[in-house]
There are 2 protein chains.
Amino acid sequence: MRQKPEPIERCLCDVIHEDVVNQVKDKMPEEETLYDLAELFKVFGDSTRIKILWALDEAEMCVCDIAALLNMTQSAISHQLRVLKQAQLVKNRKEGKVVYYSLDDDHVKQIFDQGLTHINED
Amino acid sequence: MRQKPEPIERCLCDVIHEDVVNQVKDKMPEEETLYDLAELFKVFGDSTRIKILWALDEAEMCVCDIAALLNMTQSAISHQLRVLKQAQLVKNRKEGKVVYYSLDDDHVKQIFDQGLTHINED
DNA sequence: TGAACATATGAATAATTGTTCATATAATAT
DNA sequence: ATATTATATGAACAATTATTCATATGTTCA
């Protein structure tokens with residue numbers, strides 16, 4: 001998070017396990033792919049956004065509806081909808097003054113379900 | 001994130017859409033469930049941890065192996081492994097001085113895949 | 001045109017968080 | 001015992017972020 005890759009300490013394991021480490025290194029996806037993946041999950045990593053997504057999976061709603069539902073300010077919701085939009089998880093349509101938001105991704109529910117499966121384990 | 005639920009502004013939509021909002025409200029899962037879900041995704045929302053999980057999905061590795069693989073300090077990795085352990089995503093076994101970490105969850109790869117599917121869209 | 005309403009947005013702030021540094025703990029070998 | 005190695009951990013710091021507040025934008029209606 002802080003800064004870019006840095007000098008490094010070595011230990012004996014690195015020699016002993018060199019083969020395994022190199023094999024894994026070869027199999028690792030692109031740095032950028034993993035970064036994007038983390039960025040996506042970061043969007044899911046906030047309970048306000050989770051609630052918004054969950055709500056929008058039930059029904060299309062306008063900004064102030066969501067604010068009322070979650071008992072939060074319009075501004076806070078609007079800021080979060082912006083984040084969700086940038087992540088292409090929600091889309092919107094304008095009807096007069098009112099902007100209706102809905103899910104823009106079929107996998108949202110599936111990602112939730114995988115998460116819930118983990119939580120509900122043991 | 002900051003503090004607890006707060007007073008709220010109302011708008012006309014709340015009256016017009018009252019039924020929809022109430023229906024959604026009834027269907028929403030427990031507050032705690034959604035919070036836990038967000039906490040779980042928060043763990044996935046860091047590229048260092050994503051890399052660690054990805055690596056461990058390929059092979060069991062010790063702390064300094066992971067540090068070497070990712071070109072990061074042992075301390076940074078150790079801190080992150082702690083987070084992953086608390087989320088019950090990894091487990092470890094001790095062999096002398098060396099601590100080997102491995103995945104403790106079958107769904108990690110599936111959660112990754114759902115995320116990747118989203119990223120690779122459009 | 002002006003008032004009212006719905007939404008968006010920029011700046012400020014408080015809280016959270018990832019990494020570093022120093023050091024502690026634990027195991028092994030000499 | 002002592003030195004060495006592998007890992008864990010607490011404090012500190014910098015960076016990020018969610019919400020609030022004030023205000024701007026855009027739409028409708030009188």
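Owing to the predicted nature of the structure, the values given are computational and were not obtained by experimental measurement. In what follows, every chain begins at residue 1, and chains take the letters A, B, ... in the order their sequences are listed.
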Which nucleotide in the set [options] lies at the smallest distance from any side-chain heavy atom of [X]?
| X | options | result |
| --- | --- | --- |
| Ala76(B) | dA8(C), dT19(C), dA8(D) | dT19(C) |
| Ser78(B) | dA8(D), dT7(C), dT19(D) | dA8(D) |
| Val98(A) | dA8(D), dA6(D), dT7(C) | dT7(C) |

In whole angstrom, what separates [X]'s [atom1] from [N]'s [atom2]?
| X | N | atom1 | atom2 | value |
| --- | --- | --- | --- | --- |
| Gln86(A) | dT9(C) | CD | P | 9 Å |
| Glu39(A) | dT16(D) | CD | P | 11 Å |
| Phe44(A) | dA18(D) | CZ | P | 14 Å |
| Ile66(B) | dT19(C) | CD1 | P | 13 Å |
| Ile77(B) | dT19(C) | CD1 | C1' | 10 Å |
| Tyr100(B) | dA27(C) | OH | P | 16 Å |
| Leu70(A) | dA18(D) | CG | P | 15 Å |
| Leu84(A) | dA18(D) | CG | P | 10 Å |

Parallel, tilted or perpendicular: rings of Phe44(A) and Phe112(A) (30°, 60°):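 Judged by the thresholds at 30° and 60°, the geometry between Phe112(A) and Phe44(A) is perpendicular.
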What's the shortest heavy-atom distance between [X] and [Y], and which atoms?
| X | Y | result |
| --- | --- | --- |
| Lys85(B) | Lys91(B) | CE-CA, 4.3 Å |
| Arg49(A) | Val43(A) | NE-O, 2.7 Å |
| Phe41(B) | Gly115(A) | CZ-CA, 4.2 Å |

Side-chain-base donor-acceptor pair under 3.5 Å for Thr73(A) and dC21(D):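 Between dC21(D) and Thr73(A), which were checked side chain against base, a qualifying N/O pair under 3.5 Å is absent.
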Asp65(A) side chain to Met61(A) backbone, donor-acceptor under 3.5 Å: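 Flag not set: sc Asp65(A) to bb Met61(A) has no pair under 3.5 Å.
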Contact nearer the 5' end of DNA chain C, comparing His79(A) with Cys13(B):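 The answer here is Cys13(B).
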Side-chain donor-acceptor contact under 3.5 Å, Gln110(A) with Gln114(B):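 On atom types as modelled, these side chains qualify, holding a pair under 3.5 Å.
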Does [N] have OP1 or OP2 under 4.0 Å away from a side-chain N or O of [X]?
| X | N | answer |
| --- | --- | --- |
| Tyr101(B) | dA6(D) | no |
| Arg82(B) | dA8(D) | no |
| Ser75(B) | dT9(D) | no |

Touch class at under 4.0 angstrom, heavy-atom based, for Leu81(A) against every strand present: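 Leu81(A): no heavy atom of the nucleic acid under 4.0 Å.
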Sugar-phosphate, base or nothing in reach of Lys42(A), heavy atoms under 4.0 Å: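 Counting heavy atoms under 4.0 Å across all strands, the contact made by Lys42(A) is with sugar-phosphate only.
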Nucleotides 23-30 of chain D: protein proximity per nucleotide (B base, S sugar-phosphate only, - neither; heavy atom, under 4.0 Å): ---BBS--
First encountered from the 5' end of DNA chain D, between Leu12(A) and Val83(A):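 Its nearest nucleotide lies further toward 5', so the answer is Leu12(A).
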Thiol sulfurs of Cys11(A) and Cys64(B) closer than 2.5 Å: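 Answer is yes: Cys64(B) pairs with Cys11(A) in a disulfide.
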Side-chain heavy atoms of Asp106(A) within contact of His118(B), under 4.5 Å: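 No. Closest side-chain heavy atoms not under 4.5 Å.
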